[in-house]
Amino acid sequence: MDRQTLPHSRRHCHRSSKDARGIFTVQYPEEKIPVPEEFRFIPFLVYNEGPNGEKNLLCTSCGICAKICPPQCIWIIRSTDPSNGRPIPDPAEFYIDADICMNCGFCAEYCPFDAIKMDHDYELASFERDIYDKTRLAKPTEYYQSIRPDNARREDAARAAKQAARLGVVKLE
C-alpha cells in the first residue's frame, strides 16, 4: 500500500494529533496545541443562569473544598441571614489564591454539589498577586460543558439517574 492510500499517514496528521510523530515547533502564542479534556488549571465556580439573568452559584459554602485543599489556598466566608444569624447556603465571599494553588483538582473532586471545576485557561501571567474573588471565579455551566463535554454528559446522566432513583422511577431498557 502506498502513502497516498493510507488514511492516517503522516501527510494527513495535524501535529497536535496523537498520531503525530517527530520533532516540530509550535509558534506560540499564534499557534496553540489544544489541551486534552482532562487538563486542569485554576478552579472556577459553576453557576446556573436564572430566568432574569441572575447568577445562581451551585456553591453552598460548605467548606469541604477549603478543608481538602493541600496548600490551603481557598477561603470562604458564609452568608448569614440578618434576621436570625443562621448561615445561608450561598458564599458571601469566595477566594482562591492562584499563586499558591497547585492545580491538584481535589477541590473539584470532593465537592458534593459539583460547584467547583478545573479550568483550561492557562495564560494567567501577571505582575501582581493573583487572588481570585467570587465574581472572577464564576463561570456558567455552558462554559464547563464546552471545555469538558464528555465529563459534563456523564455527570448529567448520573445526576438524572440519581434524581430518578430518588423519585422512584424505574428505567426500562
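All values reported here derive from a predicted model rather than from experimental measurement.
- For the residue pair Asp97/Gln72, the side-chain donor-acceptor check at 3.5 Å is not satisfied.
- No donor-acceptor pair closer than 3.5 Å links the side chain of Asp130 to the backbone N or O of Ala98.
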Exercise. Go through the steps to decide whether Tyr47 and Leu137 satisfy the test side-chain contact (heavy atoms from CB on, under 4.5 Å), and finish with yes or no.
Key: CA-CA 10 Å; Tyr47 70 84; Leu137 289 168; over 6 Å; no

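- Between the side chain of Asn84 and the main chain of Arg86, a donor-acceptor pair closer than 3.5 Å is present.
- You'll find the side chain of Leu45 reaches within 4.5 Å of the side chain of Lys134, heavy atoms only.
- Remark: Phe106 CZ is loosely packed, at most 12 non-hydrogen atoms of other residues, nucleotides or ligands lying under 6.0 Å away.
- What you find for Gln145 and Ala152 is that their closest heavy atoms are CG-CB, 3.7 Å.
- To the nearest 0.5 Å, atom CD1 of residue Ile96 and atom CZ of residue Arg136 are 11.0 Å apart.
- In this structure, Thr80 contributes its side chain and Gly85 its backbone to no donor-acceptor pair below 3.5 Å.
- Here the straight-line distance linking atom CE of Met118 with atom CZ of Phe41 works out to 9.0 Å at 0.5 Å rounding.
- One finds the CG atom of Asn103 at 7.5 Å from the CZ atom of Arg40 (value rounded to the nearest 0.5 Å).
- Here the straight-line distance linking atom CG of Asn48 with atom OG1 of Thr141 works out to 5.0 Å at 0.5 Å rounding.
- For the pair Thr135/Phe94, no side-chain contact is recorded, criterion being any heavy-atom separation below 4.5 Å from C-beta on.
- Using a cutoff of 4.0 Å between basic side-chain nitrogens and carboxylate oxygens, Asp156 and Arg153 are not scored as salt-bridged.
- Here the shortest heavy-atom pairing between Ile147 and Pro149 reads C-CD, 3.6 Å.
- Residues Cys101 and Pro43 meet the side-chain proximity criterion, which asks for heavy atoms closer than 4.5 Å.
- A cation-pi arrangement is present between Lys117 and Tyr144 under the rule of less than 6.0 angstrom and at most 45 degrees off the ring axis.
- A salt bridge links Glu123 to Lys32: at least one charged side-chain nitrogen sits closer than 4.0 Å to a carboxylate oxygen.
- In this structure, Val26 and Glu31 approach most closely via the heavy-atom pair CG1-O, 3.2 Å.
- Salt-bridge formation is detected for the pair Asp114/Arg159: a Lys NZ or Arg NE/NH1/NH2 atom is positioned less than 4.0 Å from an Asp or Glu carboxylate oxygen.
- Grouping the Ile, Leu, Val, Met, Phe, Trp and Tyr side chains by contacts below 4.5 angstrom, directly or via other members, places Tyr132 apart from Met102.
- With a 4.5 Å cut-off on side-chain heavy atoms, Val35 and Ile33 do not count as touching.
- Taking the side chain as every heavy atom from C-beta outward, Phe39 and Tyr122 approach each other to under 4.5 Å.
- Between the CG atom in Asp119 and the CZ atom in Phe44 there is a gap of 5.0 Å [rounded to 0.5 Å].
- Separation of atoms CD1 (Ile76) and CD1 (Ile74) is listed at 6.5 Å; rounding is to 0.5 Å.
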Could you tabulate the donor-acceptor pairs under 3.5 Å formed by side-chain atoms of residues 57-70, not counting sequence neighbours?
none

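- With hydrogens and angles disregarded, a donor-acceptor distance shorter than 3.5 Å links the side chain of Arg148 to the backbone of Glu37.
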